[in-house]
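Nothing fancy with the numbering, it's 1 onward along the sequence.
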Amino acid sequence: MAAGKKIPHTFVIIGFVLMICGILTWIVPAGEFEHQMVNVNGAERDIIVADSYHQVESNPQSWQVLGAIVDGFKRQAAIIAFVLIIGGAFQILNSSRAIDFGIRSFLRKVHKHWTIIVATMLIFSIFGAVFGMSEETIAFVIIFVPLAISMGYDSITGVLMVYVAAHIGFSGAVFNPFTIGIAQGLSGLPLFSGFEYRLVVWVILTMLIIAFVLWYANRVKKNPKLSPTYKIDEYWRNREKESAEMQFQEKTPLSAWIIFALSSIVLVVASVLYPKTTVTLGGKELSFVCIPVISALYVIVGLITLRKSYLYFILSVLAFTIIFLVVGVLGYGWYVKEISALFLGMGIISGVAMGSGANKIAVEFVNGAKDILSAALIVGLAGGIIEVLTAGRVMDTILYGLAETMDGTSRGGTVSIMYGIQTALNLFIPSGTAKAALTMPIMAPFSDVIGLSRQATVMAYQFGDGFTNMITPTSAVLMGVLGVAKIPYELWLKWFWKILLAFMLIGLLLLMPTVYMNLNGF
């Protein structure tokens, strides 16, 4: 690429957006909606009061734009800490080379690599559709990017297998409580009603993304230099080469048995404290003995793997970490704080299991956090964009102005505009929960006036929230994922925008039946 056509650095892109937002606070009239707290599905939500928009005294931002960066770091503090902890914890795990050992052993047994891609993407798409997996994908990228490289693909394939698959599922969500549940609750609809058509939508979107990834991965495998990340992936290829040449030490140190005993005791205590776990899916509750069963399996598997090698034991710790992650999210409402603690514990157990001392574990953790620091910085900087618009009192004005564009349009036109509004707002409000609380109280009543189904309004929100999360620089999760995969945002933007546009157009086509057809649940 010619030097004159080089895409700006991610920091430059975010800085430019910050500057534009600062200018908007001088141009756009300041205004606010009145807010009220309502109970939605058992949780308190801050929502907009309909017809309450009014102009207020302007508060243009100048030098405050630079100060907003600090506020952005405060806003995204939990995600920043999560990214750093994940980076540190997995560096400890990676220093054991257990993942490299596991990938090599796995690929010796599974020769049809396309089946790995399909199975992985199905699982993560289901996770996205059912419980809104998003932040959790950051941890999995560290596992699946090296796997993709080892299979002859590239880092983009690894990101597509995990992050994009989960967000396509998120976009076509069937039972996601963080988007569908809240949006329907605020719209006065029965919880998770109309899931039949959403299930059809999820199947279509998932099949399309899997087909595309298989085509892309096969193309890269035939000619690796076609990959946009070919040069960048030299890091992963060198690591994979080192792994292939490495002779793994399979002796189990005494420290592995000690940490296994201590972790088993912790799980026994947890089994006593939490004998039953209640999982809520699709508005239905299911209680069963979960923690005790998983803990018992951990002890059995631990005894077996430790007799073979500490490498097998560390891999089993990773597997049970993932199991506890799913149980924690579904059964106990875990978020970044609890998930961070879980992965930090995994890193410490892995370090002790391979015989490392406290100092070596600390050094590896710092190295991992240092390696992903740029991603954490981007997350904080992007958070400043939202702070500028909020402090400048123009966020509500933008929302009000967008809502006014729907007046006087047809039902099909209205749902298309709603879709566009939700898509545009995602740049400034990447949180699906916050966006539902802000927009649904306005859009749901408006849909009644023109005879549009509220289910159609919810689906316009769902698509608008889901697709653009995979490209907006204000998405902390996207920046974390790209940082882990070592893919520059500017490269991802250039490569992915056409794919995103295709899915956005498909989303628009899938919205139309909600307007013109008598579908079950609508």
Heavy-atom closest contact ([X] atom, [Y] atom, distance):
X: Ile232; Y: Pro488; result: CD1-CD, 3.4 Å
X: Pro228; Y: Tyr216; result: CD-OH, 3.4 Å
X: Leu478; Y: Thr472; result: CD2-O, 3.5 Å
X: Asn469; Y: His167; result: CB-CD2, 3.9 Å
X: Ile314; Y: Ala353; result: CG1-CB, 4.0 Å
X: Phe324; Y: Ser295; result: CZ-OG, 4.4 Å

Main chain of [Y], side chain of [X]: is a donor-acceptor contact present, judged purely on distance under 3.5 Å?
X: Tyr298; Y: Val317; result: no
X: Ser316; Y: Gly302; result: no
X: Ser125; Y: Leu122; result: no
X: Trp236; Y: Ser150; result: no
X: Tyr489; Y: Ile471; result: yes
X: Arg239; Y: Glu234; result: no
X: Asp154; Y: Ser227; result: no
X: Lys221; Y: Met151; result: yes

Side chains of [X] and [Y] in contact at under 4.5 Å (non-hydrogen atoms):
X: Lys498; Y: Leu501; result: no
X: Ile210; Y: Met207; result: no
X: Ile126; Y: Val174; result: no
X: Ile291; Y: Lys276; result: no
X: Leu286; Y: Thr278; result: no
X: Val458; Y: Arg454; result: no
X: Thr179; Y: Tyr461; result: yes
X: Leu205; Y: Ile209; result: no

**Message:** Using side chain to side chain contact (heavy atoms under 4.5 Å, CB included), reason through Gln462 and Arg198 one step at a time and then give a plain yes or no.
**Reply:** CA-CA 10 Å; Gln462 175 184 342; Arg198 289 199 304 277; 3.4 Å; yes
**Fill in**
The residue among Phe82, Phe90, Phe365 that forms ring pair (Phe, Tyr, Trp, His ring centres under 6.0 Å) with Phe343 is Phe90
**Request:** Please say whether more than 12 non-hydrogen atoms of neighbouring residues, nucleotides or ligands are located less than 6.0 Å from CZ in Phe16.
**Result:**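 No, because the 6.0 Å sphere around CZ of Phe16 holds 12 heavy atoms or fewer from other groups.
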**Asked** Heavy-atom count around Trp495 CH2 within 6.0 Å, excluding the residue itself: above 12?
**Response**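 Check passes, neighbour count above 12.
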**Item:** Step-by-step side chain to side chain contact (heavy atoms under 4.5 Å, CB included) determination, Phe11 to Leu377
**Value:** CA-CA 9 Å; Phe11 281 30; Leu377 289 173; 4.0 Å; yes
Atom pair [atom1] ([X]) and [atom2] ([Y]), whose distance is rounded to the nearest 0.5 Å:
X: Asp465; Y: Leu425; atom1: CG; atom2: CG; value: 10.5 Å
X: Leu505; Y: Leu509; atom1: CG; atom2: CG; value: 7.0 Å
X: Thr120; Y: Met161; atom1: OG1; atom2: CE; value: 4.0 Å
X: Ile92; Y: Ile349; atom1: CD1; atom2: CD1; value: 11.0 Å
X: Phe144; Y: Thr157; atom1: CZ; atom2: OG1; value: 13.0 Å
X: Leu214; Y: His113; atom1: CG; atom2: NE2; value: 13.0 Å

**Request:** Quickly, which of Val415, Ile180, Val201 forms a side-chain contact (heavy atoms from CB on, under 4.5 Å) with Met459? Name it, please.
**Result:**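 So, applying the side-chain contact (heavy atoms from CB on, under 4.5 Å) to Met459 and each of Val415, Ile180, Val201, only Val201 qualifies.
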**Item:** Salt bridge present between Lys486 and Asp371 (N-O < 4.0 angstrom)
**Value:** yes
**Modelled atom types, side-chain donor and acceptor of Tyr197 and Thr514, under 3.5 Å** = no
**Message:** Pairing donors with acceptors under 3.5 angstrom, does anything connect the side chains of Ser96 and Ser350?
**Reply:** no
Are [X] and [Y], when compared by the centres of their aromatic rings, separated by less than 6.0 Å?
X: Tyr163; Y: Phe140; answer: no
X: Phe170; Y: Trp202; answer: no
X: Phe503; Y: Phe212; answer: no

**Request:** Any chance you could lay out the side chain to side chain contact (heavy atoms under 4.5 Å, CB included) test for Val477 and Thr137, step after step, and finish with the verdict?
**Result:** CA-CA 8 Å; Val477 181; Thr137 56; 3.9 Å; yes
**Request:** Test Leu318 against Leu93 for side chain to side chain contact (heavy atoms under 4.5 Å, CB included), laying out the working first.
**Result:** CA-CA 9 Å; Leu318 174 61; Leu93 179 68; 4.2 Å; yes
**Prompt:** Should Thr468 and Thr423 be marked as a side-chain hydrogen bond (donor to acceptor under 3.5 Å, both in side chains) after you check the CA-CA gap, both sets of side-chain angles, and the distance that decides it?
**Reply:** CA-CA 6 Å; Thr468 46; Thr423 298; 5.1 Å; no
**Request:** Flag this pair as yes if the NZ/CZ of Arg219 is under 6.0 angstrom from the six-membered ring centre of Tyr153 and inside a 45 degree cone about the axis; otherwise no.
**Result:** no
